[in-house]
Amino acid sequence: MKEKLGFLVRHAIDSAVAAGHLKPIDPPPSMVLEIPKIATHGDFSTNIAMTMAAPQNRAPKEIARIIIDHIEDRDHLLSKTDVAGPGFINFFIALDRWHEVLKAVHQEDTAYGTSQAGLGKRVQIEFLSANPTGPLHVGHGRCAAVGDTLAAILSATGYEVEKEYYVNDSGRQIRTLGESVLVRYQQLLGKTIDLPAENYQGSYINDLARILLDQEGEHLLELPEEEAITHCARFAAMKIFEGIREDLVAFGVSFGHWFSEQFLYDSGAVQAVIQDLKSRDIIYEHDGALWFRTKDFGDEKDRVVVRANGLTTYFASDIAYHKDKFDRKFDRIIDIWGADHHGYVPRVSASIRALGYDGDRFQVFLIQLVNLLRGGKPVAMSTRAGEFVTLREVIDEVGRDAARFLFLLRHYESPLDFDLELAKKQSNDNPVYYVQYVHARISNILKKAEERGYKDIDWHDDFSKILTLPEELQLIKLMARYPEVVARSARLMEPHRVPFYMKELAAAFHAYYHDRNKHKVVSDDAKLSAARLYLVSAIRIIIKNGLSLMGVSAPETM
RNA sequence: GCGCCUGUAGCUCAGUUGGAUAGAGCAACGGACUUCUAAUCCGUAGGUCGCAGGUUCGAAUCCUGCCAGGCGUACCA
């Protein structure tokens, strides 16, 4: 709808210029068409006459009038056009043109809302990538929900999307994990050793030690310490990783690729990239360590890649990792990190530029932290002390649908308060059910309608003459906006726009549904019933599509 | 100190790339179930958009400086 109108206006400006009524414009003015807040200002409005006023050296209202005079509305899209305020042009869409939206929704069905902006482009989105040193917690849940939904939204706008999880299965934190498990293992066998404070303290370490003991017996005691630690580390990381994968299944998140950090070492990729950069003097030696000249590429200082003790830093493998991503030829590479990693962005960007890649293709989105509450009171969380609420506990307690919806309901740049009590409530506080209820209600209407003989209703041109109530028109206009909501959500990488739109559509439907005396969907009037059934089933399609982007189910009954 | 994020109704938050009269939900108050599902709806009330300047036809939105909160600022991950 908006595109058609945009075409009309651009065409009008061109013909006004051709007729000599306006000066040629270079570059052509950017078109902002928007839906006014106030209904009496029309279905769409544009400020284009005002932005053209200065370069044209004419009054905005005068320009607006000229543009309107040159609109050639051959398809009778518009019922009225006028100039208002300081120079807005307000457009009123002809009533019967709106109803075609319903036809489009039904025809496109699960594809309604998809678009082509990303067609032919490959995007990789890496998210979550939690270390296999402990179970997923609530904060991970937010990253998972946001990443997964962004992937779905990008996919809906035509991109070929690859979701990847980077597994930090190497390095110091894995060794620490091994040490922690070994100590607990030894304790189980009666040895009196304390768990060092820098080790992982969580009770899941005890559980892992117990499983290890049950499965393999006491033989680890006889191994040299290094070997025992390595063995424990492998065992624990594998077990924890299995758990993470199970949690992700329960949360409805899937990855196309799992990328191992260890692989970057085993394949020699890390050493190779270090050698290469060293030969180009981008990596240099100082105080016995190897430093990357990140400062020359926008970071505030140079960063260590290999420490004086010979161990590589996390940054070293990340350089090789991002090189690998670029070598896989994606048009866009997106990293989604927790906001506590934001200080890390400049050095990774620096390394990408230092390697000669196009830094514009790389974007990092930082997800702000989650504050877990219960009944308004903060729940203490500390990974190191092992006090945290796991994602699994949240899924078990509030359900996957509620958890995902609530994680998505906030702009990712805002910290999120996640209240467990609120998430469980089946009331107005909890928008998940509010939206899902629409799907259930409409499903029920369709079931009832079928019992009365209304089935598989097709579009009929009469519908535009039947569905004329203001509420019905309002619903249709709302439905017309859906594709743009998805497109905008993808363009701005802001998934929260989808649930907000869903709430709005749900509210409009509930209000419509509730006034049954005025507009009951299924009645004795066959034509009216058919038209309204067509209307509500279109709403159901959009609700289902939107929820599907969020990974939230659309129940038939509640 | 420096960097990133945030600041809008009592609370939790939206706000269409700078538009016309500031928007929801919750909480509060008053109403609606003989119904296609009340997990719903209708109404009332609630605002110095953190503060101060600036940019222009026009600012919650952009710029500058403050104030407050969160996070970060390792030869940690």
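All chains are named by letter (A, B, ...) in the order of the sequence lines, taking the proteins before the strands, and each is independently numbered beginning at 1.
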Near RNA chain B, which residues from residues 494-506 of chain A have a heavy atom under 4.0 Å away?
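Within this stretch, A/His496, A/Arg497, A/Phe500 sit under 4.0 Å of the strand.
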Please table the atom pairs, donor to acceptor, closer than 3.5 Å between any side-chain atom in residues 33-42 of chain A and protein atoms at least two apart or in another chain.
none

Of A/His41 and A/Glu413, whose nearest nucleotide on RNA chain B comes first from the 5' end?
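Looking at RNA chain B, the more 5' nearest nucleotide goes with A/Glu413.
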Pairwise 5' ranking along RNA chain B for A/His411 and A/Met558, keeping only the more 5' one
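Looking at RNA chain B, the more 5' nearest nucleotide goes with A/His411.
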Give a yes or no on whether a salt bridge exists between A/Asp296 and A/Arg353, defined as a side-chain N under 4.0 angstrom from a carboxylate O.
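Judged by the 4.0 Å cut-off on N to carboxylate O distance, A/Asp296 and A/Arg353 do not form a salt bridge.
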Do any N or O atoms of the protein come closer than 3.5 Å to N or O atoms of nucleotides 74-77 of chain B, and which pairs are they?
from	atom 1	to	atom 2	distance (Å)
B/rC75	O2	A/Ala308	N	2.7
B/rC75	N4	A/Asp287	O	3.1
B/rC76	OP1	A/Arg307	NH1	3.2
B/rC76	OP2	A/Arg307	NE	2.6
B/rC76	OP2	A/Arg307	NH1	2.4
B/rA77	OP2	A/Tyr314	N	3.4
B/rA77	O3'	A/Gln173	OE1	2.2
B/rA77	O3'	A/Gln173	NE2	3.1
B/rA77	O2'	A/Asn131	ND2	2.9

Looking at every strand, decide which applies to [X] at a 4.0 Å heavy-atom threshold: base, sugar-phosphate, or nothing.
X: A/Thr557; value: base
X: A/Leu409; value: nothing
X: A/Leu369; value: sugar-phosphate
X: A/Arg481; value: nothing
X: A/Ala449; value: nothing

Pairing pattern in dot-bracket form [Watson-Crick, G-U; both distances under 3.5 Å; | = partner strand] for RNA chain B:
(((((((..((((.....[...)))).(((((.......))))).....(((((..]....))))))))))))....
I need a per-nucleotide contact map over nucleotides 54-63 of chain B, read 5' to 3'. Cutoff is protein heavy atoms under 4.0 Å; write B for the base, S for backbone only, - otherwise.
----------
Can you figure out which of B/rU17, B/rA14, B/rU40 approaches the side chain of A/His514 most closely?
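That would be B/rU40.
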Indicate the atoms forming the closest heavy-atom contact of A/Ser443 with A/Pro555, along with that distance.
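Scanning both residues completely, I find the closest heavy atoms to be OG-O, 4.4 Å.
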Could you list, one pair per line, each protein nitrogen or oxygen that sits under 3.5 Å from a nitrogen or oxygen of nucleotides 44-51 of chain B, together with the distance?
none

